[in-house]
Amino acid sequence: MCGIVGAIAQRPVAAILLEGLRRLEYRGYDSAGIAVLDQVGKLNRLRTLGKVARLRDEVAAAPLSGTLGIAHTRWATHGEPAVRNAHPHICRDRCVLVHNGIIENHEELRREQKAAGHHFTSETDTEVVVHAVYDELTAGYPLIEAVRRATARMTGAFALGVIDTQDPEHLVAARQGSPLVIGVGFGEHFIASDVFALLPVTHRFIFLEEGDIAELTRDTVRIWSRDGELVKRPVKESAVAADSAERGEYRHFMLKEIFEQPRAIADTLEGRLAGNRVLPEGFGNTAPDLFAQVKAVTIVACGTSYHAGLVARFWLESLAGLPCTVEVASEYRYRRHVVPESALFVTISQSGETADTLAALRIAKESGYATTLAICNVPESSLVRESDLVLLTHAGPEIGVASTKAFTTQLIALLLLTTALGRYHGLSEAAEARMVALMRSVPSKMEQVLALDDRIATLAEQFVDKQHTLFLGRGEQYPIAMEGALKLKEISYIHAEAYPAGELKHGPLALIDENMPVVAVAPNNALLEKLKSNLEEVRARGGQLFVFADFAVPLTEESGVTVIRLPETDDLIDPLIFTIPMQLLAYHVAVLKGTDVDQPRNLAKSVTVE
Ligand code: AGP
């Protein structure tokens, strides 16, 4: 999604803004732009289609000097990716702004503004905001008041950075529904969509709350809440290292993040286990009391995080004996639901800013759930701040758009949750001890699977020229097949579908021929024999089978059947282990196809709009 950076400083800001944009690239974008106010009050703007590097080249060719500026990466929603639609947007050389979010009533405002004589240069929803602020400025209001008055007329979601070219001493920021942080420096202040953008210049941040409007000068920050009250928001020190968002020796962030999984799992378990037990307090001080009363669980999430929820449903029902429903947030938020008695509402999200998941949480809080829990990777995110209980996954920054380590850390967090809840619902001490031991074994098992990287890279060659792929799994491996299919489609652009293997003969079998590779996730579990019959159905129709199986699975390679052996594990942790070859397969196919692995076309890392 769009990324915002802004700066008001005593030093030139163009390089800071460009580096900030580079660090926001992972969010996904199609165009970029920058505007800097120079020493004589002239606003200089450059916008380009495509990568930030291109914008950087343009700035190098026509340097932008000045100590006040804003910059933006745009992910198109209203209006195609084009220079005219890229931000910053300007109204009559006076007002300039960048926006992340969607202005829902933009059509109505556009009609009014056109009638009032405003000339539109883009198809964006954003342009109505810049005209509205301009109108308030020319009515005599100072910038902060002009932004407040203009945004009061906007419905939808926005994070804004705004400059009045006649007021070089102020930068104004506003947040409603889209994330925005203020970076606190010495004699300089910054704004950005997330902390990574600003780590080279500061480690001190103020996280704006919903409805906040902030006025930044070089030396001060003043913030007004949604109710118009002047408020103090705490300055927090970020523990994220400046180089944590760097690729290092890896060719892509995605590969780096796949290989970081053993460490990320160990970090997520750290401090959550004591001897043979899970510490329920890890979810919050009140968690033990609340967990004891929980009688049902509802999980809501999107994309990969939704797949983690689907796996958790098996665990929660079979091990903790709790009824569990799992739903994608974009569906959940628009239907009436029956809230089960004493139910725990769980959201899962890497970013904690996914608009649908956040909306679902807000609805749940109004609907009578006993309590809400966020499983999330970003400590200062909206989801974390708005939930009663929180379990942070300690995956570290995930930059590749394709979620990898975020997924497996979500799974381990959900195993911790299952165990913590299970204790109050009949899970014996011995069973808990066994689960804890298995959780501890995950990092080393993962290392063994990562050693298959070369083998999977070779296998990938057989997928490169294919148009379609089918992924099969049963039980808790069905969501892993779904995740494998999602990874392949999002980064290699090969159409991939996942099916519970038992559904094959109810339709998808008609698709099978020699051009349709079928990937099966086949650990040695209770459903293996059933799965093997399903695989026979594929073989009998000339399908090309690629089976990921552990050493205990009695399967032999033959024509049309390739078997990739994984270390033997236990049913409980199989989903974490079998995910890794799916990630590696998608990665290597994408590399062979030459796609943009870390920033696949049309996708954004953090989906902060509906
Ligand atoms: C997965 O690879 C995705 N890029 C996507 O499905 C993602 O999981 C989804 O958008 C949810 O994001 P979140 O976890 O940040 O809420």
Side-chain angles (χ1 to χ4, degrees), residues 1 25-29 75 178-179 193-194 196 252-255 257-258 261 264 299-312 326-333 346-362 373-384 386-387 390-393 395-411 413-414 471 479-493 496 498 579-580 582-587 589-590 595-610:
M1 293 280 113
E25 280 188 305
Y26 78 94
R27 295 168 67 88
Y29 69 105
W75 189 80
S178 297
S193 295
D194 67 34
F196 299 120
H252 295 100
F253 278 109
M254 182 180 177
L255 190 63
E257 288 157 6
I258 290 173
Q261 288 177 105
I299 300 179
V300 172
C302 298
T304 289
S305 301
Y306 165 67
H307 296 158
L310 289 176
V311 176
V326 188
E327 190 165 347
V328 287
S330 53
E331 289 296 314
Y332 178 88
R333 67 181 288 190
V346 181
T347 53
I348 309 172
S349 174
Q350 188 287 129
S351 62
E353 301 293 351
T354 301
D356 286 323
T357 309
L358 207 45
L361 169 66
R362 289 173 184 156
L373 163 70
I375 292 180
C376 187
N377 196 38
V378 180
E380 308 298 348
S381 62
S382 306
L383 207 65
V384 166
E386 295 184 29
S387 299
V390 172
L391 190 73
L392 291 174
T393 49
E398 189 180 69
I399 306 297
V401 163
S403 207
T404 52
K405 60 179 180 172
F407 178 63
T408 46
T409 53
Q410 287 166 352
L411 290 179
L414 288 159
F471 284 70
I480 301 307
M482 293 168 82
E483 177 59 10
L486 177 64
K487 288 290 88 92
L488 189 69
K489 74 181 100 167
E490 72 178 328
I491 60 168
S492 78
Y493 315 150
T579 293
I580 291 183
M582 304 292 120
Q583 298 168 342
L584 287 171
L585 179 64
Y587 172 76
V589 175
T595 60
D596 191 344
V597 172
D598 286 331
Q599 291 160 30
R601 67 186 183 199
N602 307 338
L603 297 182
K605 179 68 183 163
S606 176
V607 185
T608 53
V609 295
E610 262 194 270

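Whatever order the structure lists ligands and atoms in, that order sets their numbers, starting from 1. Scope of the values below: all heavy atoms of this structure, side chains included, with no hydrogens, waters or symmetry mates.
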Any side-chain heavy atom of Val378 sitting closer than 4.5 Å to one from Asp194?
-> no
Kindly say whether Ile491 contributes a backbone atom to a donor-acceptor pair with the side chain of Thr595 at under 3.5 angstrom?
-> yes
Protein contact of atom 2 (O) of ligand 1 - nearest heavy atom, named by residue and atom, plus distance = Glu490 OE2, 2.4 Å
Would you mind checking which non-hydrogen protein atom is closest to atom 10 (O) of ligand 1, with the distance to 0.1 Å?
-> Val607 CG2, 4.0 Å
Is ligand 1 under 4.0 Å from a heavy atom in the side chain of Lys605, in the backbone, in both, or in neither?
-> neither
Any nitrogen or oxygen of Ser349, main chain or side chain, under 3.5 Å from a nitrogen or oxygen of ligand 1?
-> yes
With only distance considered, is Gly303 within less than 3.5 Å of ligand 1 through an N or O on each side?
-> no
Lys405 with Glu398: basic N within carboxylate O range, under 4.0 Å = no
Among protein heavy atoms, which sits nearest to atom 15 (O) of ligand 1, and what does the distance come to when rounded to 0.1 Å?
-> Ser351 OG, 2.7 Å
How does Glu353 reach ligand 1, by side chain, by backbone, by both or by neither, if only non-hydrogen atoms under 4.0 Å count?
-> neither
Between the side chains of Gln350 and Ser403, is a donor N or O closer than 3.5 angstrom to an acceptor N or O?
-> no
Within the structure, does Ser305 bring an N/O atom to less than 3.5 angstrom of an N/O atom in ligand 1?
-> yes
Which residue owns the protein heavy atom closest to atom 5 (C) of ligand 1, what's the atom, and how far is it?
-> Thr304 N, 4.2 Å
So, Ser351 side chain and Glu353 main chain: donor-acceptor pair closer than 3.5 Å or not?
-> yes
In this structure, atom 12 (O) of ligand 1 is nearest to the protein heavy atom Thr354 OG1, 3.5 Å
Interfacing atoms of ligand 1 (cut-off 4.0 Å, heavy-atom, Ser403) | 1 (C), 2 (O)
shortest atom 4 (N) of ligand 1-to-protein heavy-atom contact is with Val401 O, 2.9 Å
Does the N or O separation between Gln410 and ligand 1 drop below 3.5 Å for any pair?
-> no
Steps toward side-chain contact (heavy atoms from CB on, under 4.5 Å) verdict (Glu257, Ile399) = CA-CA 8 Å; Glu257 288 157 6; Ile399 306 297; 3.5 Å; yes
Of all the atoms in ligand 1, which lie at a distance below 4.0 Å from a heavy atom belonging to Lys487?
-> 1 (C), 2 (O)
Non-hydrogen side-chain atoms of Val311 and Ile480 separated by less than 4.5 Å | yes
Distance-only donor-acceptor check, side chains Glu483 and Thr304, under 3.5 Å = yes
Is the closest side-chain heavy-atom distance between Tyr587 and Thr404 below 4.5 Å?
-> no
Contacting atoms of ligand 1, where contact means under 4.0 angstrom from a heavy atom of Ala402 | 2 (O)
Just by distance, do the side chain of Asn377 and the backbone of Ala406 share a donor-acceptor pair under 3.5 Å?
-> no
Atom 11 (C) of ligand 1: the protein heavy-atom neighbour that sits closest, reported with distance to 0.1 Å | Cys302 O, 3.3 Å
